[in-house]
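Report on the following structure.
Every chain is numbered from 1, with letters handed out A, B, ... down the list of sequences. Only a predicted model underlies this, so the values are computations on that prediction, with no experimental measurement involved.
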There are 2 protein chains.
Amino acid sequence: MLKEERHHQILDKIKLNRKVLSSDLSIELQVSEDTIRRDLNELSAKGFIKKVHGGALPIDAKAPSYEERKFSSLKEKNSIAKKAVSLIKDGQVIIMSGSTTNLQLAKIIPSDINATIYTYSLPIALQLTEHPSIEIIFIGGKLNKPAQVTVGLDVVSSISQLRADLCFMGTGGINVTNGMTEPNWEVSHIKKCMIEASEKVIVLCTSNKINEVKRYSVTPINRIDTIVTDLNSKNEIFYSFKEKGVTIL
Amino acid sequence: MLKEERHHQILDKIKLNRKVLSSDLSIELQVSEDTIRRDLNELSAKGFIKKVHGGALPIDAKAPSYEERKFSSLKEKNSIAKKAVSLIKDGQVIIMSGSTTNLQLAKIIPSDINATIYTYSLPIALQLTEHPSIEIIFIGGKLNKPAQVTVGLDVVSSISQLRADLCFMGTGGINVTNGMTEPNWEVSHIKKCMIEASEKVIVLCTSNKINEVKRYSVTPINRIDTIVTDLNSKNEIFYSFKEKGVTIL
DNA sequence: CATTTTTTTGCCGTTTTATGCATTTTTATG
DNA sequence: CATAAAAATGCATAAAACGGCAAAAAAATG
């Protein structure tokens, strides 16, 4: 039997039983326990399983949760949020994507602002329930657990029926030639719809996302009205963006 | 059994019972108390539980203040949740309404259960994101802030397209002649739809809701399959319910 | 096709880990 | 403060992991 075959069988078995023992596998797959151990180590190094003493388990409850990510580079995110909040005008209809920067923004929306906010992010919706006057519409669908946002066709079709003034979104990467890009196909699609539905597009991103390029394209740069980052808007990194007519905040 | 497995089981049990005894675990998991003690120490060192003399407690075991205890009756709700969780079978499609009792239930669903859960409650959805295998579908709509649930026509129309095996719901009041009743018209309507869409209806309620009658009718008593309360199922208060064919848990 | 090179695998001695047991110390409680 | 339960401590043992080595298999090379 080929090594790859074994690996697949091991993964299958873990999925099925939610655990495997090196000793069992050794017998089942007719190889020495050393080989099994090496297999498990490789699969574990690739992040497919969690190797433990005596066998392996599914990776499950290990991915750094939204909760944990929420607190990384909070300072930058907060400074972004502060700039972005100035763009909100009374009575607007706003779409917010689900990012920790957007969450930060949701926290600091002044209580005297009236607006309707559409979102598909649980934490953002929850945060907004504390605001006295904002009307919140949650876009339903299948939940993506690690990101705590809804995804799928329902979301796409809901958004495409909307018409919003503003759209605040986080991004996986942005540069002048490729525009906004995302690592996740589904998310990229949803973001396209959000942009489609919005008058103005405002991208919130920490500086490390600038000039990053991800797998899936969301929109060309000229469809973006404003980019809000933690950097000073006069930073030379933005020259080329400004030439394309993007406002930097 | 692998050490890690044991750790998971211990964590599950703490979540469920809000405490564990080393002696119990030793028997249940078929290892010596020394081993259990070592397990508890490790989990405690990682900050997952609080080790105490004789066993362990959840980390967030903040003593509920007098005020909280007086109104929230968390203990009752937990005992209800514990009974209710046994009704969930692998692979089922479940609708959950938004009540604190249901939230309690969401917290203690064992991690080896597979199910699809529809809900319109933000806290419940958020809680369920911590479960490794449950598929969550959030029912979108306009958010009712104080209750943190979605309401409105969107919710009604989404639910009416569903077909579920089980439906867990809280209630404003229940008695034999009027059936389930609600103080809020909109909620009563949504609950009607939920019942319409479900094979079995399970009502979770604390004993103070029994024989209460609210303004709006939801469903007659005979459409309810099971009532789960904090009382003993043999309590005479249930006689008339049983006559109508309702199971009491 | 012959022959290197690389990969895979099993084996073996050593080291580490998990666990139970016996003994002593600590803790809870009437 | 006496006593029983629980925890800590030290030790023994078996299972598992590790590291190096060499044979076998597979792939690459000329």
Side-chain angles (χ1 to χ4, degrees), chain A residues 1-64, chain B residues 1-66 69 74-75 78-79 82 110-112 132:
Chain A
M1 158 152 22
L2 298 162
K3 191 169 79 147
E4 284 279 315
E5 275 185 278
R6 255 192 349 254
H7 284 190
H8 282 126
Q9 293 203 27
I10 292 171
L11 290 175
D12 282 351
K13 183 158 188 193
I14 287 186
K15 216 191 272 179
L16 191 63
N17 302 359
R18 304 195 64 77
K19 79 161 179 180
V20 287
L21 302 181
S22 312
S23 49
D24 288 357
L25 286 173
S26 160
I27 298 168
E28 260 180 69
L29 305 179
Q30 293 287 311
V31 288
S32 74
E33 291 202 22
D34 294 79
T35 303
I36 295 294
R37 251 192 297 282
R38 276 183 277 244
D39 289 340
L40 295 182
N41 280 330
E42 282 177 48
L43 291 171
S44 169
K46 284 181 189 161
F48 294 143
I49 62 172
K50 182 176 178 198
K51 170 109 189 58
V52 298
H53 196 92
L57 299 170
I59 201 81
D60 272 346
K62 256 207 92 191
Chain B
M1 160 147 29
L2 297 166
K3 191 172 77 151
E4 289 270 336
E5 275 188 281
R6 252 189 354 252
H7 286 188
H8 282 131
Q9 294 202 25
I10 292 171
L11 290 175
D12 278 352
K13 181 153 190 196
I14 288 186
K15 224 198 261 180
L16 182 62
N17 299 338
R18 311 204 50 83
K19 77 165 182 184
V20 287
L21 303 181
S22 311
S23 49
D24 288 356
L25 286 173
S26 160
I27 298 167
E28 260 180 71
L29 305 179
Q30 293 285 310
V31 289
S32 75
E33 291 201 22
D34 295 80
T35 302
I36 296 295
R37 252 192 296 281
R38 277 183 276 243
D39 288 340
L40 295 181
N41 281 331
E42 282 178 48
L43 290 171
S44 167
K46 285 182 189 160
F48 293 143
I49 61 172
K50 182 171 177 207
K51 170 104 189 61
V52 296
H53 196 90
L57 300 170
I59 203 77
D60 59 336
K62 50 187 174 207
S65 69
Y66 177 76
R69 244 179 313 165
L74 194 81
K75 219 169 150 190
N78 206 262
S79 88
K82 260 193 246 174
S111 54
D112 61 339

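Remark: B:Thr35 is not in phosphate contact with C:dT19, judged by side-chain N or O atoms under 4.0 Å from OP1 or OP2.
Here C:dA18 presents its P atom at 9 Å from CZ of B:Arg6, a figure rounded to the nearest Å. The distance between atom CD1 of A:Ile36 and atom C1' of D:dC18, rounded to the nearest whole Å, is 17 Å. Summarising the geometry, the separation between CG on A:Leu21 and P on C:dA18 is reported as 15 Å, rounded to the nearest angstrom. Rounded to whole Å, the distance from NE2 on A:His7 to C1' on C:dT8 is 10 Å. Going from atom CD of A:Glu42 over to atom C1' of D:dC18 covers 15 Å, rounded to whole Å. Between the C1' atom of C:dT8 and the CG atom of A:Leu43 lies a distance of 15 Å, rounded to the nearest Å.
The minimum heavy-atom distance between B:Ser22 and B:Ile36, with the atom names listed, is CA-CG2, 3.8 Å. Considering every non-hydrogen atom in both B:Ser32 and B:Ser26, the closest pair reads C-OG, 4.0 Å. Residues B:Ala56 and B:Leu40 share a closest heavy-atom pair of CB-CD2, 4.0 Å. The two residues A:Val52 and A:Leu57 come nearest to each other via the heavy atoms CG1-CD1, 4.2 Å. Among all heavy-atom pairs drawn from B:Met1 and A:Lys19, the shortest one is CA-NZ, 4.1 Å.
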Revision key, fill the gap. Under a 4.0 Å heavy-atom criterion, the protein footprint on nucleotides 9-17 of chain D, written with B, S and -, is B------SB

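Across all strands shown, D:dC1 forms a Watson-Crick or G-U wobble pair, both distances under 3.5 Å, with C:dG30. Pairing for D:dG30 is with C:dC1, a Watson-Crick or G-U wobble pair whose two hydrogen-bonding atom distances lie under 3.5 Å.
Checked options B:Lys3, B:Arg6, B:Lys51; the residue passing with B:Asp39 is B:Arg6 (criterion: side-chain hydrogen bond (donor to acceptor under 3.5 Å, both in side chains)).
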